Engineer: 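This is the structure, below, for whatever I ask next.
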Amino acid sequence: MLDLAYLRENVNVAHDRLASRGFSLDTETFQRLDGERKNIIVELERLRQVSKKGSEELAKLAREVKDISEKRNQLKAVSQQIKDKEEALRTVEEKVFQFVSTIPNLPDPAVPIGLTDEQNVEVRRVGELPSFDFEPKAHWDLCPPLGILDLERATKITGSRFPLLAGAGARLERALINFMLDIHTKEHGYKEIVPPFMANSNSLFGTSNLPKFEEDLFKVRDTDYYLIPTAEVPVTNIYRDDILDGQRLPIKFAAYSPCFRSEAGSYGKDVRGIFRQHQFNKVELVKFTRPEDSNAELESLVGDAEEILKRLKLAYRVVIHSTGDMSFAASKSYDIEVWLPGQNAYREVSSCSNFDAFQARRANIKYRPRAGEKVRFVHTLNGSGLAVGRTWIAIVENYQQKDGTVAVPGALQPYVDGQTVIRPESVI
RNA sequence: GGAGGAAUGGGUGAGUGGUUGAAACCGGCGGUCUUGAAAACCGCUGUACGGGGAACCGUACCGGGGGUUCGAAUCCCUCUUCCUCCGCCA
């Protein structure tokens, strides 16, 4: 949510900055609604003052045992006028709210201008691409014979786009979760969180998944609960409606969770294998920072996520999103893309964003810089550290060997009882 | 699932219809005192919106929503959350 006061003062600047991300701000509608709202408030406050003063006078008359019936009738009329104005105010405020809550965040000045991912800018490449003396396979061809991934049976349980891992494949998934959490909690200073895996509509509004993106979510029938699309939702909302002590900032949380996404509108995209799923595991990093620190904290957040790939010796690149490719709430975003030999391409394993005060305003998360000072909105950030299923794909594709087996990266071996190679095992 | 109780400012906690935006205490800020600190004492100490150059002024907010009334933290209805006891349960 953008700052209403900012919009009032700078509606044309906001219009131009939003145009750079492909959003057309209807400045006329905004100014009309905002003006209506203000007129009603001014009138309402005047009426309330009349009523308040009148009530005091009436109380005085009553104490003096004088006739109050005329005064009371007069005030009764005022009271009705107030009710009417309040109703009018509710109506217009609802309209303003609807209008403003569907405006995306303003891009940070450092973000490259462009309307699509083609204007994204590669920031750096790290690690060497693996070389094979054979044709490397994609994970959907490589894994079923090893007995670690069953693509057909998963569809029986639910339908398409659900993972079914087995044996060493299942253990590899679990090892990755522990590996990632250990590094972030023990070395990068994040506190581990196990959040609810469902969230209510207020929480989803706070992170901007509602109201605009409801079609991306799975909703639990007859309740106000949604399956979380990312741990960002519950973890960011830990502090909804809170005032934090400024001395505690930055606050850094790491949370493992399954993620559920309807993937509406991605039919035909990544249909093979388990790259794009309705359910996947992810370790998410979330930060609450002072406004002046958030861009530096974004850089270190990306670094924390990159560290996982470095330890696993996987080649990757970091890309900064153009204005048009950023998500609704972000002011600045980086993607980390890991090299997948089976697709001969870099593919996303992490997206790290600074939301500045956009989510904090929606979720009402404030901090007090120092005792006695005014409260301000925090800045929120988050990033995948990393998407576990996609890291799993990267490992099997990058560490595949000519005989169809998969080597286990050294950093991960302590998490799988020292196992060094995944060999074919009995299918489920 | 059944029966009770509760929700007030950063915290604890008074307040059952009319200067109550809200006592008191704790915490915080400023000051007096002190070589310095502590203690003691004094003052200040919520948020949002609107008006004004500013000191200030106005309005709203006592879990959410609705109602009664000229007037609600206070009365009524409803929802939510928390606590206690009983039952059930991984």
Side-chain angles (χ1 to χ4, degrees), chain A residues 1-11 30-97 99-101 194-206 210 220 222-226 234 237-249 251 288 290-291 357 360-378:
Chain A
M1 183 102 80
L2 294 181
D3 183 9
L4 267 176
Y6 172 88
L7 264 183
R8 279 188 199 110
E9 310 271 316
N10 308 281
V11 71
F30 173 73
Q31 286 172 322
R32 182 175 51 77
L33 288 175
D34 191 53
E36 270 177 45
R37 172 178 166 278
K38 186 167 171 176
N39 289 339
I40 293 170
I41 286 175
V42 168
E43 178 61 10
L44 181 60
E45 292 196 350
R46 189 190 67 79
L47 286 169
R48 279 188 181 147
Q49 196 171 357
V50 168
S51 162
K52 204 171 165 178
K53 290 247 165 69
S55 290
E56 278 170 32
E57 287 163 19
L58 185 142
K60 199 174 159 197
L61 289 178
R63 270 196 303 274
E64 293 166 356
V65 204
K66 291 183 177 162
D67 178 35
I68 60 170
S69 58
E70 189 192 338
K71 190 88 190 164
R72 184 160 61 194
N73 287 335
Q74 191 186 332
L75 288 174
K76 202 165 187 166
V78 174
S79 184
Q80 186 55 48
Q81 283 180 283
I82 288 175
K83 278 188 180 136
D84 293 345
K85 280 289 168 196
E86 281 175 340
E87 181 56 36
L89 182 62
R90 258 197 295 280
T91 305
V92 74
E93 288 206 313
E94 178 62 22
K95 283 183 192 163
V96 171
F97 177 79
F99 184 86
V100 176
S101 64
V194 178
F197 297 155
M198 297 185 209
N200 60 31
S201 54
N202 281 338
S203 293
L204 284 148
F205 178 82
L210 289 178
V220 181
D222 294 334
T223 71
D224 185 41
Y225 301 154
Y226 295 80
N237 279 283
I238 285 173
Y239 290 132
R240 178 150 49 86
D241 294 322
D242 274 351
I243 298 172
L244 302 170
D245 178 0
Q247 307 304 311
R248 290 182 59 202
L249 300 178
I251 294 172
F288 302 84
R290 293 165 174 272
R361 248 178 248 115
R362 292 169 81 104
N364 192 28
I365 306 172
K366 296 176 176 175
Y367 76 105
R368 194 179 302 278
R370 307 182 64 133
E373 288 184 22
K374 287 266 181 199
V375 295
R376 303 180 62 189
F377 287 111
V378 299

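Here the structure is a predicted model, which means the values were calculated and not measured. So that the names make sense, note that chain A is the first sequence line, chain B the second, and so on, each numbered from 1.
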Engineer: What's the closest nucleotide to the side chain of A:Arg48 if the choices are B:U59, B:G71, B:G50?
Structural biologist: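 Between B:U59, B:G71, B:G50, the one nearest the side chain of A:Arg48 would be B:U59.
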Engineer: Could you give the distance separating B:U35 and B:U20 at their C1' atoms, to the nearest angstrom?
Structural biologist: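 That atom pair is separated by 47 Å.
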Engineer: If the cut-off is 4.0 Å, is A:Arg8 near the phosphate of B:C49, judged by side-chain N/O to OP1 or OP2?
Structural biologist: no
Engineer: Roughly how far apart, to the nearest Å, are B:A39 and B:G58 at atom C1'?
Structural biologist: 43 Å
Engineer: Counting heavy atoms from C-beta on, name the nucleotide in B:C70, B:U59, B:A48 closest to the side chain of A:Lys366.
Structural biologist: B:A48
Engineer: Quick one: does A:Glu45 reach the base of B:G58 with a side-chain donor-acceptor pair under 3.5 Å?
Structural biologist: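 Under the 3.5 Å cut-off, the side chain and the base do form a donor-acceptor pair.
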Engineer: With C1' as the reference atom in both, quote the distance from B:G65 to B:U80 in angstrom, rounded to an integer.
Structural biologist: 10 Å
Engineer: Between B:A55 and B:C70, how far is it from one P atom to the other, in whole Å?
Structural biologist: 39 Å
Engineer: It should be established whether A:Arg46 places a side-chain nitrogen or oxygen under 4.0 Å from OP1 or OP2 of nucleotide B:A60.
Structural biologist: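 No, no such contact exists.
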Engineer: Determine the interatomic distance between P on B:G27 and the same-named atom on B:C33; round to the nearest Å.
Structural biologist: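 That atom pair is separated by 23 Å.
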Engineer: Taking the P atom of each, how far is B:A37 from B:U32, in whole Å?
Structural biologist: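 11 Å, rounded to whole Å.
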Engineer: Any side-chain N or O of A:Ser79 below 4.0 angstrom from OP1/OP2 of B:U69?
Structural biologist: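 For A:Ser79, the contact criterion (side-chain N or O under 4.0 Å from OP1 or OP2 of B:U69) is not met.
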Engineer: Taking only the side-chain nitrogens and oxygens of A:Lys52, find out if one of them lies under 4.0 Å from OP1 or OP2 of B:G71.
Structural biologist: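 So the side-chain polar atoms of A:Lys52 never come under 4.0 Å of the phosphate oxygens OP1 or OP2 of B:G71.
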Engineer: Kindly say if A:Lys76 contacts the phosphate of B:C70, meaning a side-chain N or O under 4.0 Å from OP1 or OP2.
Structural biologist: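 Yes, A:Lys76 has a side-chain N/O under 4.0 Å of OP1/OP2 on B:C70.
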Engineer: Can you identify which nucleotide, out of B:G51, B:G18, B:G71, has its nearest atom closest to the A:Leu58 side chain?
Structural biologist: B:G18
Engineer: Nearest to the side chain of A:Gln49, heavy atoms from C-beta on, is which of B:G66, B:G58, B:G18?
Structural biologist: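 Between B:G66, B:G58, B:G18, the one nearest the side chain of A:Gln49 would be B:G58.
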Engineer: Distance between the P atoms of B:A7 and B:U12, in whole angstroms?
Structural biologist: 12 Å
Engineer: Taking the side chain of A:Arg90 as heavy atoms from C-beta outward, which of B:G66, B:C49, B:G51 is closest to it?
Structural biologist: B:G66
Engineer: Are A:Phe205 and A:Phe97 near enough that their ring centres are under 6.0 Å apart?
Structural biologist: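 Judged by ring-centre distance (under 6.0 Å), A:Phe205 and A:Phe97 do meet the cut-off.
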Engineer: Decide salt bridge (Lys or Arg N to Asp or Glu O under 4.0 Å) for A:Glu36 and A:Arg32; before the verdict, give the C-alpha distance in whole Å, the side-chain angles of both, and the deciding distance to 0.1 Å.
Structural biologist: CA-CA 6 Å; A:Glu36 270 177 45; A:Arg32 182 175 51 77; 3.4 Å; yes
Engineer: Taking the C1' atom of each, how far is B:G18 from B:A73, in whole Å?
Structural biologist: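 It works out to 14 Å between them.
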